[in-house]
Amino acid sequence: MADYDQPNTGASTAAAAAAAATATAAAQAAAQAQLKKVKKQKVLLMGKSGSGKSSMRSIIFSNYLARDTRRLGATIDIDLSHVKFLGNLTLNLWDCGGQEAFMENYLSQQRAHVFSNVGVLIYVFDIESRDVDRDLATYVNIISALVQYSREAKVFVLIHKMDLIQPMTREDVFDRRVALVRRKTAEAVAIVRKQKPELTGPSPPPPPGPGGAMAGSLPSPDSPIPDLEVSMQLFATSIWDQSLYKAWASIIHDLVPNLSVIETQLASLGVAIDADEILLFERTSFLVVSKWTSPEGESNPYGDRFERMSNILKAWKHTCSKFTGTPRNAEQFSDFEYKMGANFSMFVTKFTTNTYILVCMPPGEASSIAPS
Amino acid sequence: MGQRRSGKSSISSVVFHKLPPNETLFLESTARIQKDSLNSFMEFQVWDFPGQIDVFDNPSFPFDMDAIFGEIGALIWVIDAQDDYLEAVARLNATILHLQRSYQHINIEVFIHKVDGLSDDYKLDIQRDITIRIQDELSDQGVENAPVNFHLTSIYNHSIFEAFSKVIQKLIPRLGQLEAMLTNLCRTCRFEKAYLFDVNTKIYIATDSTPEDMASYEICSDYVDVIIDFTEVYGSWQRTPEWRKRLEGPPWEQKLEDQVACEWAESGMVLADAQRPIMLREVDRFLALVAIMKEGSYEKMPQINMNVDVVVKGLTEFFEITKSKMTPTAVPGGVTAVNGNGVVGNGH
Ligand SMILES: Nc1nc2c(ncn2[C@@H]2O[C@H](COP(=O)(O)OP(=O)(O)OP(=O)(O)O)[C@@H](O)[C@H]2O)c(=O)[nH]1
Ligand SMILES: Nc1nc2c(ncn2[C@@H]2O[C@H](COP(=O)(O)OP(=O)(O)OP(=O)(O)O)[C@@H](O)[C@H]2O)c(=O)[nH]1
Ligand SMILES: [Mg+2]
Ligand SMILES: [Mg+2]
């Protein structure tokens, strides 16, 4: 995690100050460890035209409101953006226009260019699309190309626009689609396996005898995956609710290096200040990049609270921006404090240049070690 | 009341049941009168009428007019501004004339609805046109000064809550006294604007005397939202006895309730642009005071809190008195009926 350089010392409670102090150590450890890592990650964003790719990217990384996305035009060819995340991680986000002509082009002329060195593929399905078979056929082609050129890439499948499905049937519709997509993914892998020797030619870092490895040869140190498999996660999403934050927090979690260092540090901080929960948000997207929960906090029945907090705080940031007339990506608030009588206390404050922290504490004396 | 699909059920679902606006697409047409009771600082009833039934002209099932209108305080008539509204206006006119004959006390509140997506100019044109059509018809029929008010509304922004606030405020006895308390508070604490919110609906039932300001209402209302969410996620479930025991043990040796300075929810936050703080203070189970402060007042919080305490006490007393004075038949509410039962309950 980057830029842990200037923990905010103007925090409103003693706990926050303590948090800041402990964090400095965490910061340095994390930042150093991170420097050794590759800093650029290629992320492909694909799916049919109109499925909502540019919409979600704009909401997560560019502070769009859901309704602003209605103005987006179709993406022409590939829209490449370098998203700065937590200071010195840069995501190379390839928003690939989904019109058929473009898709064909990615699969043929630009095949190696597009599918090499991919860290993550995010594939978006529009749940309301009428031509499901065709969507799935395209998906199979894309997965085949991905497996061929970047066999270690992680795949995130987003079943999108779930808001258009009757709330009662959402779960069913999603489950059925998940089964279908899994089957198709397996089909794609099988195709590559069958066509192995001809197709695996230009694959960069080719594991020794890629074809052989796919067919199930002995695992070598260079190819830790003995058989060809796609690491895949599926999410039901909509730009109109918090589900988008859940999916993208998982995606980001896989991309940020050395998160475990930060997680350890948050844990010791949490124990030191006797907190019930700590969440760390990236400042622009408000995605939860790290979290810690006390044993007591684990009994919180709201399993969706992380994405919910992202959603609430980001909406709040928009509200503030509208009120103050300052740009949405500007810093909008600081030192949020809430004490709910004898129930709990919490605060949200700017933590480092690139993060906000939310801390939930027990009420009473324990949370005010020094007067605020 | 209003034409079919004008948005009546959507409004009551969004305002009173927190339905996300886009999910109103799935609402079915209402077939019977839907009555919702609302427990708040006063008890309200919201009656959602089916658009397909004309209450005044329904020979097969004549309605009991007194049962419907006798206890009502306000009638909300919803007109779909994105549709042809001539028939809606004609029916509204007929309704007003009926009510003027026997139930003159009823405020008629016209919601010119679904104005999202319409330009500001167009909105005002429509409002002007509808106002004129109604006034002309009424004066032709010899009715002057009927209590008809107009509001431009949409469920996709704060306008519907703001309009509902205005409707409800007219039904609150001694509203002026409440407003005076808030005006005083703003003066002594140098607040820019203060609102008294009904937390569950985000309707504001009073504000200070400074001019109306939609932007302030929006940010305060969203602040209430944030607090509601935090409260639900972190404050609505039972901690273990061990947790409490540890917190009440050494070195504190005190019950949690005695450790906290304020038993009610209180919150503050600073806007980054000019260091303007916003504060919220729970008044009772239903109401919260929310204020935008002038820049740089964060340091004076202890003093401000003392002043707020005094006002909160005053408000609590106000509602206790109001409660005891209200008779079951007193202030009704059109789509909203009010009676004296179950007013403010104090405590959690
Ligand atoms: N109902 C609903 N509409 C959405 C959602 N996400 C995006 N949309 C709408 O879908 C339309 C198309 O979205 P885009 O993001 O431009 O689609 P795209 O995938 O980038 O399309 P191409 O650039 O042509 O590949 C926009 O009008 C969005 O407002 C969603 O979750 N629900
Ligand atoms: N654009 C827009 N649509 C709205 C608004 N309010 C309601 N709608 C839509 O209007 C449609 C009809 O809404 P209902 O609330 O069912 O209408 P109703 O007046 O109760 O209709 P009946 O029960 O048949 O009398 C729904 O599809 C809503 O989504 C609004 O403020 N803006
Ligand atoms: Mg696009
Ligand atoms: Mg209805």
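All values below were derived from every heavy atom in this structure, side-chain atoms included, with hydrogens, water molecules and symmetry-related copies excluded.
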*Are B:Asp222 and A:Phe323 side-chain neighbours, meaning at least one heavy-atom pair lies under 4.5 Å?*
no

_Please report the interatomic distance OG(B:Ser267) to CZ(A:Phe347), rounded to the nearest 0.5 Å._
13.5 Å

*Show the numbers, then the answer: is there a side chain to side chain donor-acceptor pair (under 3.5 Å) between B:Tyr223 and A:Thr319?*
CA-CA 9 Å; B:Tyr223 197 59; A:Thr319 299; over 6 Å; no

*Where do A:Glu296 and B:Thr240 land on the side chain to side chain donor-acceptor pair (under 3.5 Å) test, with the steps shown first?*
CA-CA 7 Å; A:Glu296 183 73 27; B:Thr240 58; 2.6 Å; yes

_Segment of A:Cys360 engaging chain B (4.5 angstrom heavy-atom cut-off)_ = side chain

*asked:* Heavy-atom cut-off 4.5 Å, strictly under: side chain, backbone, both or neither for A:Phe333 against chain B?
replied: both

*A:Met340 and B:Tyr234: side-chain contact (heavy atoms from CB on, under 4.5 Å), yes or no, with the steps?*
CA-CA 9 Å; A:Met340 193 198 164; B:Tyr234 290 116; over 6 Å; no

*Find the one option among A:Ala330, A:Cys320, A:Gly325, A:Pro301 whose heavy-atom pairs under 4.5 Å with chain B are most numerous.*
A:Pro301

*To the nearest 0.5 Å, tell me how far B:Glu232 CD sits from A:Tyr302 OH.*
4.0 Å

_Heavy-atom proximity to chain A below 4.5 Å, by part of B:Ser216_ = both

*asked:* Quick check on the interface: out of A:Asp304, A:Asp276, A:Thr326, A:Leu358, who has the most heavy-atom pairs with chain B under 4.5 Å?
replied: A:Asp276

*Less than 6.0 Å separating the ring centroids of B:Phe230 and A:Phe336?*
yes

*Please flag which part of B:Asp229 lies under 4.5 Å from any non-hydrogen atom of chain A: side chain, backbone, both or neither.*
both

*Please walk me through it: do B:Met269 and A:Val348 pass side-chain contact (heavy atoms from CB on, under 4.5 Å)?*
CA-CA 9 Å; B:Met269 191 224 52; A:Val348 182; over 6 Å; no

_Worked verdict on B:Val226 versus A:Tyr338 for side-chain contact (heavy atoms from CB on, under 4.5 Å)_ = CA-CA 10 Å; B:Val226 172; A:Tyr338 176 32; over 6 Å; no

*Might you confirm whether atom CD of A:Gln166 has over 12 heavy atoms from other residues, nucleotides or ligands at distances under 6.0 Å?*
yes

_Residues, nucleotides or ligands: over 12 heavy atoms within 6.0 Å of B:Lys313 NZ_ = no

*Roughly how far apart are A:Arg67 CZ and B:Asp116 CG, rounded to 0.5 Å?*
9.5 Å

*asked:* Can you tell me if B:Phe26 has over 12 outside heavy atoms packed within less than 6.0 Å of its CZ?
replied: yes

*Is it the backbone or the side chain of B:Glu23 that comes under 4.5 Å from a heavy atom of chain A, or both, or neither?*
side chain

*Could you give the distance from CG (A:Asn343) to OG1 (B:Thr231), rounded to the nearest 0.5 Å?*
8.5 Å

*What distance separates B:Arg239 CZ from A:Ser299 OG, expressed to the nearest 0.5 Å?*
7.5 Å

*Judged by atom type as modelled, is there a donor-acceptor pair below 3.5 Å linking the side chain of A:Asn300 to the main-chain atoms of B:Val233?*
yes

_Under 4.5 Å from a heavy atom of chain A, the part of B:Leu280 involved_ = neither

*So what's closer than 4.5 Å to chain B heavy atoms on A:Leu313: side chain, backbone, both or neither?*
side chain

